[in-house]
*Asks:* 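Got a structure for you, questions after.
All chains are named by letter (A, B, ...) in the order of the sequence lines, taking the proteins before the strands, and each is independently numbered beginning at 1. Remember, it's a predicted structure, so these values are computed and weren't measured experimentally.
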Amino acid sequence: MVSVASISPVPALANPAPRKPNRPENLTVNLASTEEWLVSSLSLSRAPFEVDGLYAIAIKTGFVHRDRVLSLLLLRYPSPSSSLLVLRSLFSSPDSPFPFNSLLSSFSRSGSHLPALLAYSILRSLSVPIDRSTLPPVLRSATFLSSIAVGLDAHSLALKTGFASRLPVATALVRFYCSLGLPALARNIFDRCHPRDFILWNTTIAGLVQCHELEAARNLFDQMPPTDRNIASWNTMVDMYCNKLGDVVEARKMFDEIPTRDSVSWNVMISGYARMGDCSSARALFDSMFERDVVSWNAIISCYVQNGFFSGALELFRMMLREDKIKPDEVTITSVLQACTHMGALNLGQWLHVYIRRQRIPMDLQVTTALVDMYGRCGSIEDAQRVFAQAKKRDSFLCGTMVDILAMHGMADEAFRVFDFMKSHGMKPNDVTIVGLLKACGHIGLVDDGLELFNTMEEKFGLSPKLEHYGCMVDLLGKAGQLNDALELIMGMPMEPSPVLWSSLLSACKIHGESVLAEKVGYHLLELEPSSSGNYILLSNVYSNARRFEEAAMVRKLMKEKDVVKKPGCSSIEVGNQIHEFLAGDRDHPRSREIYEMLQMVATRVEQAGYNYKQYLSSEEEGGRQGRMHHSEKLALAFGLMSTEDGSTIRIMKNLRVCDDCHLFLKLASAVYGRKVVVRDCHRFHHFVNGLCSCLDYW
DNA sequence: CTAGGGTTAG
């Protein structure tokens, strides 16, 4: 069956925001590098006179207001009183009394948490009298930075001064202790505080939920005087049932009980359904909303994405643009980009990239990561690298994504370069980073590097190997022909080996013609996963490779007996704004006749170039030449050749691994037609150029 | 005080 998933027409970019006047590029660069220079100089210098000089520069350039610069200045100054001078300099009128409190609260409010805490510590060590409005912002920043020391100091000061019973202070303390996972202490503060306002009630309830004290939270909600109970209290409860208990039925009951619902209530409930995978209930609720805000749209779009309904998500996005009431924001874009990633919709992804720039949607880390991932997984590694190189900020998440997609493209050197970048910038590699690197090793056969990394990840990075890492290693060793090492690794694992590991070993056996080991592994696997078609196919292919045709037929028979249906190969290609899908041998595409004619022509030309369908006896099709000739990627290729511009790159996405036959076919076709063909299979990318593949036939 | 978003083995 062919479905032509419509993901467009993409609306024209109607109202591009006016372009900012072009700022001279080098000015930006210079200023940015001045800030970097200040930061690194401040980190290095110790002598007071040097700090004085840097301080003067920071004031002149205005960078004294930047968090990192300010924090370092406060840290570098040797005495509290000299740091006080730095703080004073932030205010334009030196004659007026120094407004500590507004300073602190403006730090805290603007997210400059570290400077806020440093300023507070300086004031404390100077014994400057502190009034009650100082404490909430400080506690806020202490909460944000999980700074136990400052929080405790603020608490003890609050007790000494009697401010602890003031509502804003008590509320801030409750929040602080809950964020540390100490609900008992928070509860203690709550119990002693009289009278209470609804903010204290709500904060405490939400804090208890956060600490998984769900019953206590519910009890408190029930005890809350009905006059204090506001919409936030209700929403917290609905959210608790949705997200902490996964009980949408109870959540819905409460939702229906809410006297007057606001948009948050609706959005909480929608995302509750989303989390449970109940897209239709989420959609029903969404459709019945009176007024949707951007969060409602984001909730429903991400619901579709997270539950695998990618074209539905794009459909909703189009609807959102068409209604033109709510402007998509960076959250919307992140979700929509993910949908593109999964569908391989590069054109739409590119359109979104332009949209981001024209609409000045903030390119935060999440958007950047989603964009890099989209380009990488849609086959345009160059664009992914460009976005990564131009990113203003990079965290280990973004770097991990970059490592992973470079690995998928078989670019191990570049992946390790990103890894070096991470280490040199103080980022801790996590599980995913290591998985990416091991994948990179596996894709080009770097056995020693992979082993080295795997064996030292624990001592070097404190990461104990997980199932995924073992999976990478089995694949790495197996593909390299070290089948016994791979087997030993599986046998010695501290955890239960998943079926995937065995099937990975089995496919390594297939590559290396190890039919004896394959037999053992294969039947073990069939016991573990009797309904997974891939294992039968794999084992049967190993047999026919070894010319043990009877046994191969037996495996096929076994598969039939168990009613296991072969998972059909499926390839898709984006042409214009549509994704065209092809299953092996199917004729449902509207232009099917032309496609098959085209394929016939391609085959003739490719055969002249040396393709011979008999070359791979192992190929799983009983259908012989015809079966293989109609593999989905060949259909997609034929369609791509006839419906895209001469010389342009053809990008194909496939759900299964490319078979040997198609691999050869695509190599030759790339040469014959002078086209770059990029194929994403379920493991990695193949870039076919001029008769060669980027995987070097190692896959 | 309450709601929406980023990477993971074959």
*Asks:* Nearest-Å distance, CD1 (A:Ile205) to C1' (B:dA3)?
*Replies:*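 Checked: the CD1 to C1' distance equals 17 Å.
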*Asks:* Using a heavy-atom cut-off of under 4.0 Å over every strand shown, decide if A:Ser302 touches base, sugar-phosphate, or nothing.
*Replies:*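 Counting heavy atoms under 4.0 Å across all strands, the contact made by A:Ser302 is with sugar-phosphate only.
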*Asks:* Quick one: label A:Arg175 by what it contacts on the DNA or RNA (base, sugar-phosphate, nothing), any heavy atom closer than 4.0 Å.
*Replies:* sugar-phosphate
*Asks:* Check A:Val268, A:Ile258, A:Asn202 against A:Trp234 for a side-chain contact (heavy atoms from CB on, under 4.5 Å) and give me the one that passes.
*Replies:* A:Ile258
*Asks:* Give a yes or no on whether A:Phe461 atom CZ has more than 12 heavy-atom contacts from other residues, nucleotides or ligands under 6.0 Å away.
*Replies:*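 For A:Phe461, atom CZ is crowded (more than 12 foreign heavy atoms under 6.0 Å).
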*Asks:* Output the single nucleotide from B:dG5, B:dT2, B:dG10 whose closest atom is nearest the side chain of A:Asn235.
*Replies:* B:dT2
*Asks:* Considering every strand and a 4.0 Å limit on heavy-atom distances, what is the contact class for A:Arg377: base, sugar-phosphate, or nothing?
*Replies:* sugar-phosphate
*Asks:* Kindly say if A:Gln338 contacts the phosphate of B:dT7, meaning a side-chain N or O under 4.0 Å from OP1 or OP2.
*Replies:*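 For B:dT7, OP1 or OP2 has a side-chain N or O of A:Gln338 closer than 4.0 Å.
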*Asks:* Go through the steps to decide whether A:Tyr273 and A:Arg252 satisfy the test side chain to side chain donor-acceptor pair (under 3.5 Å), and finish with yes or no.
*Replies:* CA-CA 10 Å; A:Tyr273 285 126; A:Arg252 183 58 188 258; 3.0 Å; yes
*Asks:* Go through B:dA3, B:dG5, B:dT2 for me and flag the one nearest to the A:Ser263 side chain.
*Replies:* B:dA3
*Asks:* Please report the distance, rounded to the nearest Å, between NZ in A:Lys567 and P in B:dG10.
*Replies:* 14 Å
*Asks:* For the pair made of NE2 in A:His469 and P in B:dG10, what is the distance, rounded to whole Å?
*Replies:*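 Going from A:His469 (NE2) to B:dG10 (P), I get 12 Å.
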*Asks:* The side chain of A:Ser498 lies closest to which of these nucleotides: B:dG6, B:dT2, B:dA9?
*Replies:* B:dA9
*Asks:* At 4.0 Å (heavy atoms only), tell me whether A:Ser504 reaches a base, stays on the sugar-phosphate, or touches nothing.
*Replies:*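 Contact class for A:Ser504: sugar-phosphate only.
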*Asks:* Within the structure, does a side-chain N or O atom of A:Gln306 lie under 4.0 Å from either OP1 or OP2 of B:dG6?
*Replies:* yes
*Asks:* Tell me the interatomic distance from A:Asp239, atom CG, to B:dT2, atom P, rounded to whole angstroms.
*Replies:* 9 Å
*Asks:* What is the distance from CE of A:Met240 to C1' of B:dA3, rounded to the nearest Å?
*Replies:*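 Interatomic distance, CE of A:Met240 to C1' of B:dA3: 16 Å.
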*Asks:* Using a 4.0 Å heavy-atom cut-off across all strands, classify A:Phe198 as base, sugar-phosphate, or nothing.
*Replies:* base
*Asks:* By centroid distance (under 5.5 Å) and plane angle (under 30°), are A:Trp266 and B:dA3 in a stacked arrangement?
*Replies:*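 It does not: the ring fails the test against the base of B:dA3.
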*Asks:* Under 4.0 angstrom, heavy atoms only, what part of the nucleic acid is A:Ser507 near: base, sugar-phosphate, or nothing?
*Replies:* sugar-phosphate
*Asks:* Between B:dG6 and A:Asp395, counting only base atoms on the nucleotide and side-chain atoms on the residue, is there a donor-acceptor pair under 3.5 Å?
*Replies:*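 Yes, the side chain and the base share a sub-3.5 Å donor-acceptor pair.
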*Asks:* With respect to the side chain of A:Val435, which nucleotide from B:dT8, B:dA3, B:dC1 is positioned closest?
*Replies:*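 My answer, after comparing the listed nucleotides, is B:dT8.
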*Asks:* Give A:Arg292 one of three labels, base, sugar-phosphate or nothing, depending on what nucleic acid heavy atoms sit under 4.0 Å from its own.
*Replies:* nothing
*Asks:* What is the distance, rounded to the nearest whole Å, between atom CE of A:Met254 and atom C1' of B:dT2?
*Replies:*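 Taking atom C1' of B:dT2 as the reference, CE of A:Met254 is at 13 Å.
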*Asks:* What about A:Trp297 and A:Phe317, are their ring centers closer than 6.0 Å?
*Replies:* no
*Asks:* Would you mind telling me which of B:dT7, B:dG6, B:dG10 lies closest to the side-chain atoms of A:Val432?
*Replies:* B:dT7
*Asks:* Confirm from the modelled atom types if A:Asp404 and B:dT7 form a donor-acceptor pair under 3.5 Å, side chain to base only.
*Replies:*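 No, the side chain and the base share no sub-3.5 Å donor-acceptor pair.
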*Asks:* Could you pull out all residues at least two apart from A:Tyr375 that satisfy ring-ring contact (aromatic ring centres under 6.0 Å, His included)?
*Replies:*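 Checked A:Tyr375 against ring-ring contact (aromatic ring centres under 6.0 Å, His included); matches are A:His353.
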*Asks:* Return the value, rounded to whole Å, for the distance between atom CD1 of A:Ile434 and atom C1' of B:dT7.
*Replies:*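 Rounding to the nearest Å, CD1 of A:Ile434 and C1' of B:dT7 are 13 Å apart.
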*Asks:* Under 4.0 Å, heavy atoms only, any strand: does A:Val500 hit a base, just the sugar-phosphate, or nothing?
*Replies:*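 The answer is base, as A:Val500 lies within the cut-off (heavy atoms under 4.0 Å) of a base atom.
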*Asks:* Step through the shown structure and confirm whether more than 12 heavy atoms of other residues, nucleotides or ligands are within 6.0 Å of CZ on A:Phe144.
*Replies:* no
*Asks:* Applying salt bridge (charged side-chain N to carboxylate O under 4.0 Å, His left out), can you list everything that pairs with A:Asp373, at least two apart in sequence or on another chain?
*Replies:* A:Arg377
*Asks:* Let's test your reading of the model: under 3.5 Å, does the base of B:dG5 pair with the side chain of A:Asp329 as donor and acceptor?
*Replies:* no
*Asks:* In whole angstroms, how far is the C1' atom of B:dC1 from the CZ atom of A:Phe221?
*Replies:*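 Rounded to whole Å, this separation is 13 Å.
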*Asks:* Base, sugar-phosphate alone, or nothing: which one does A:Leu467 contact when heavy atoms must sit under 4.0 Å apart?
*Replies:* base
*Asks:* Would you indicate what A:Val367 reaches in the nucleic acid, counting non-hydrogen atoms under 4.0 angstrom: base, sugar-phosphate, or nothing?
*Replies:* base
*Asks:* Heavy atoms from C-beta onward define the side chain here; which of B:dG6, B:dC1, B:dG10 lies closest to that of A:Leu365?
*Replies:* B:dG6
*Asks:* Indicate, with a heavy-atom threshold strictly under 4.0 Å, whether A:Leu337 touches base, sugar-phosphate, or nothing.
*Replies:* nothing
